[in-house]
Chemist: 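Sending over a structure as structure tokens; questions will come in a sec.
Numbers for residues simply follow the sequence, beginning at 1.
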Amino acid sequence: MLKLSDITYGVEGRHLIENASVTIPTGHKVGLVGRNGTGKTTLFRVIRGEMVLDTGTIDLPRGWKIGGVSQEVPGNEVSLIDTVLRADTEREALLAEAETATDPNRIAEVQTRLTDIDAWSAEARAATILRGLGFTNSEQKQPCSAFSGGWRMRVALAAVLFSEPDLLLLDEPTNYLDLEGALWLENYLTRYPHTVIIVSHDRELLNRSVGGILHLEDKNLTYYTGNYDSFVKQRAAKRALLTAAAKKQDAKRAHLQAFVDRFKAKASKAKQAQSRVKMLEKMETIRTPEDAARTVFTFPKPEELSPPIIATEGAAVGYGNHIVLHDLDLRIDQDDRIALLGRNGEGKSTLSKMLSNRLDVARGKMVSSNKLRIGFFAQHQVDELYIDETPLQHLLRERPQEGQSKLRARLAGFGLGPDQADTEVGRLSGGQKARLSLLLATLPAPHLLILDEPTNHLDIESREALVEALTAYSGAVILVSHDMHLLSMVADRLWLVKDGRVKPYDDDLQAYRKMLLTPEKPAQKDKPKIEKPKRATRDELQGLKSDVRKAEDRVSKINDMRDKLAKKLADPILYEDARKGELETWNKKYAEVMQGLERAEALWMQALEKLEKAQQP
């Protein structure tokens, strides 16, 4: 388990956490959430021992390895697969010793240990992780120097996942992933065998991959059992209780004060008045959580254009003689909300560049409205800001004729207040830089806004504000994002970019998610037709449906049992030295329940597959 006891730490004289305590049981997956700037990344540095606590202690089991992605892999000539394999330092050392050892006993020990850590399947495991993060088999053999910084961050993530530390600390790991990679990671973390703490603002990831939420707010840490949606409900209920208690206390305080004010001068009532003064002095004020300033985005409203604003006919686009997309017959109207779907490398970015006139049509034609203005936001643009200039100076360059008061109002409309407006960009947080880039992209009131991964570095509150702004926006929107929540809330049309074509995707995002998580099967040779099996009878179908219901009920009951055990294990009292035997018993029960849950879920899936097969025409 990880135990933080009465910890306090700060940066540059400012406390980020004060007297906070929390216990995270071994094997739990926890999401660390909080607004940008509250100190989540700093907490990771404290846990890793890179920063010294002002007060308090951090306790970990002896021998625990802590792993995380702190920086990208160097651009050297080592292949991706070898870079990942080297992350398991014990395996590397044992393999090296196996080559030189001469003592028979030591050779036996080394070979036994290599077998224990499953060293012989290491390359296959490393390759599977790299594939999940978007690297083909041929790319895995290429040197790291052949890839950009964002892709090398994926290699660094693959390396730490492969090394399987006892405590895995991940800080916004999906920022460098596409939708396919984000979904793979989400799925991978649910099966990870050790303790995980992940800083993320991706609601879907926090809903599917973790069983607890650690909330950093008001310099304190609070642990909630359940996923992110459960945390939101629990926090709302807690705030409601505190608000009600505070109102009740205020009424009592007012009643006591009124008595004191009325009778303090009367000798006959002086004793009672003094008694109430003491009661007021001893009364501990119930403080309700302060509502943080609400994040907003204010997009300027463009004038309306005649439809369509963009239309293509038989268009093709690519780089030089290499055509990436062809036969494009597309139409975009000003009220469209389109999400671009497709696996990595299929051409989503190429299509975005063509539609924004950053890439010429190779053949065919693309017709745009004469007055069309296009706003374009991509992740790399955040890195192209002038780091030695302030946000206000950025706007002055674009709008020199506007007064500073109006430009400051524009900045405030994107959550950049007076302090941030006059701060050099190099000192702003990632979220603040992203807001500035979004402001610059929307400054000319575009009729079409193309957003490529706009939520990277934005906290959950900012993402919700972006959803609201895009919903109210009167221009067209084209979205490329790994944030399934954003796509589901904004997009009303889905385009699938696949095999060099762009076609409407008629299914929904959940079906697309399932498709991405299903491995592509290699093409098979034609086989002789076989006679279709007979359709199941009504009684057989009823029996199969009954099996599904029973299996589902079994899973639900075991889930309830797991939640109760998790709540029990989250009790700090259980981790006192005097109760180690009891802790061992509860940990054993939790492990047994998790094994039972895995078996029950497998049986449920088998029952569902049998039913689906029987229902096929």
Chemist: State, with a plain yes or no, whether a side-chain heavy atom of Thr225 is found less than 4.5 Å away from one of Ser230.
Modeler: no

Chemist: Give the minimum heavy-atom separation between Thr195 and Pro25, together with the two atoms involved.
Modeler: OG1-O, 4.1 Å

Chemist: In terms of heavy-atom contacts, does CD of Glu598 have more than 12 from other residues, nucleotides or ligands at under 6.0 Å?
Modeler: no

Chemist: What residue pairs, at least two apart or across chains, pass salt bridge (Lys or Arg N to Asp or Glu O under 4.0 Å) with a residue in residues 57-67?
Modeler: none

Chemist: So Asn175 and His457, do their side chains get closer than 4.5 Å, heavy atoms only?
Modeler: yes

Chemist: Taking Asp6's backbone N and O only, do any of them form a donor-acceptor pair with Ser21's side chain (distance below 3.5 Å, no angle check)?
Modeler: yes

Chemist: Drop me the distance from Ile17's CD1 to Ile7's CD1, to the nearest 0.5 angstrom.
Modeler: 4.5 Å

Chemist: For the residue pair Phe297 and Phe414, does the interplanar ring angle fall in the parallel (under 30°), tilted (30 to 60°) or perpendicular (over 60°) class?
Modeler: perpendicular

Chemist: Closest approach of Lys29 and Thr190, non-hydrogen atoms and distance?
Modeler: NZ-O, 4.5 Å

Chemist: Should Glu389 and Arg397 be marked as a side chain to side chain contact (heavy atoms under 4.5 Å, CB included) after you check the CA-CA gap, both sets of side-chain angles, and the distance that decides it?
Modeler: CA-CA 11 Å; Glu389 292 187 6; Arg397 182 186 295 104; 2.6 Å; yes

Chemist: Within this structure, what is the OG-CG distance for the pair Ser481 and Leu451, rounded to the nearest 0.5 Å?
Modeler: 9.0 Å

Chemist: Please report the interatomic distance CZ(Arg435) to CG(Leu428), rounded to the nearest 0.5 Å.
Modeler: 10.0 Å

Chemist: Are the side chains of Leu395 and Leu439 in contact, using a 4.5 Å heavy-atom criterion?
Modeler: yes

Chemist: If you define the side chain from C-beta out and look only at heavy atoms, does anything of Leu167 sit under 4.5 Å from Leu60?
Modeler: yes

Chemist: Could you check whether any side-chain N or O of Asp452 sits under 3.5 Å from a backbone N or O of Ala378, counting only pairs where one atom can act as donor and the other as acceptor?
Modeler: no

Chemist: Tell me if the OH atom of Tyr386 is crowded by more than 12 foreign heavy atoms within 6.0 Å.
Modeler: no

Chemist: Hey, mind stepping through Phe162 and Leu130 against side chain to side chain contact (heavy atoms under 4.5 Å, CB included) and telling me if it holds?
Modeler: CA-CA 9 Å; Phe162 172 74; Leu130 282 167; over 6 Å; no

Chemist: Can you tell me if Thr455 uses its side chain to pair, donor with acceptor, with the backbone of Leu458 under 3.5 Å?
Modeler: no

Chemist: Has the side chain of Lys40 got a donor or acceptor atom that lies under 3.5 Å from a matching backbone atom of Leu32?
Modeler: no

Chemist: What's the shortest heavy-atom distance between Pro300 and Thr442, and which atoms?
Modeler: CG-O, 3.0 Å

Chemist: Which side chain to side chain donor-acceptor pair (under 3.5 Å) pairs, counting each pair once, include a residue from residues 414-431, with sequence neighbours left out?
Modeler: Arg408-Asp422, Ser429-Gln432

Chemist: Would you check if the side chain of Arg235 reaches a backbone N or O of Tyr224 as a donor-acceptor pair within less than 3.5 Å?
Modeler: no

Chemist: Enter the distance from Phe231:CZ to Asn207:CG here, rounded to the nearest 0.5 Å.
Modeler: 11.5 Å

Chemist: Set out, in order, the CA-CA distance, both residues' side-chain angles and the distance that settles side chain to side chain contact (heavy atoms under 4.5 Å, CB included) for Asp171 and Val69, then state yes or no.
Modeler: CA-CA 7 Å; Asp171 193 349; Val69 184; over 6 Å; no

Chemist: Looking at Pro446 and Ala441, what are the two nearest heavy atoms and their distance?
Modeler: CG-O, 3.9 Å

Chemist: Should Leu157 and Tyr176 count as side-chain neighbours, where that means a heavy-atom distance under 4.5 Å?
Modeler: no

Chemist: Exactly one of Val232, Val210, Ile213, Thr38 should register a side-chain contact (heavy atoms from CB on, under 4.5 Å) with Val33. Which one does?
Modeler: Ile213

Chemist: Under 3.5 Å, side chain of Glu453 to main-chain N/O of His482, donor-acceptor pair present?
Modeler: yes

Chemist: Decide whether Thr8 and Asn19 meet the rule of one side-chain donor and one side-chain acceptor closer than 3.5 Å.
Modeler: yes

Chemist: Is the ring pair Phe299/Tyr473 parallel, tilted or perpendicular, if the boundaries are 30 and 60 degrees?
Modeler: perpendicular

Chemist: Would you list the pairs meeting salt bridge (Lys or Arg N to Asp or Glu O under 4.0 Å) in which at least one residue belongs to residues 189-207, sequence neighbours left out?
Modeler: Arg203-Asp229, Arg203-Glu464, Glu204-Arg208

Chemist: Between OG1 of Thr298 and CG of Leu411, what distance do you get to the nearest 0.5 Å?
Modeler: 11.5 Å

Chemist: When you compare the side chain of Glu186 with that of Arg513, does any pair of heavy atoms fall below 4.5 Å?
Modeler: yes

Chemist: So among Val199, Leu221, Thr222, which one has a side-chain contact (heavy atoms from CB on, under 4.5 Å) with Leu216?
Modeler: Leu221

Chemist: Please walk me through it: do Arg463 and Leu486 pass side chain to side chain contact (heavy atoms under 4.5 Å, CB included)?
Modeler: CA-CA 8 Å; Arg463 294 181 183 210; Leu486 175 71; over 6 Å; no

Chemist: Specify the closest pair of heavy atoms between Ser437 and Leu385, including all atoms of both residues, with the distance to one decimal.
Modeler: OG-CD1, 3.7 Å

Chemist: If only side-chain N and O atoms count, and only distance matters, is there a donor-acceptor pair under 3.5 Å linking Ser462 with Asp459?
Modeler: yes

Chemist: Kindly indicate whether a cation-pi arrangement holds for Arg45 with Tyr9, taking the cut-offs as under 6.0 Å to the six-membered ring centre and within 45° of the axis.
Modeler: no

Chemist: Could you tell me the separation between the CD1 atom of Ile198 and the CG atom of Leu168, rounded to the nearest 0.5 Å?
Modeler: 8.0 Å

Chemist: Side chains of Ile460 and Tyr228: closer than 4.5 Å at any heavy-atom pair?
Modeler: yes

Chemist: Provide the closest heavy-atom pair for Ala339 versus Leu487 in the form atom of the first, atom of the second, distance.
Modeler: CB-CD2, 3.8 Å

Chemist: With a 6.0 Å cut-off (strictly less than), is the heavy-atom count around CD1 of Ile387, excluding the residue itself, greater than 12?
Modeler: no

Chemist: Can you confirm whether Leu177 sits close enough to Arg154 that some side-chain heavy atom of one is under 4.5 Å from a side-chain heavy atom of the other?
Modeler: yes

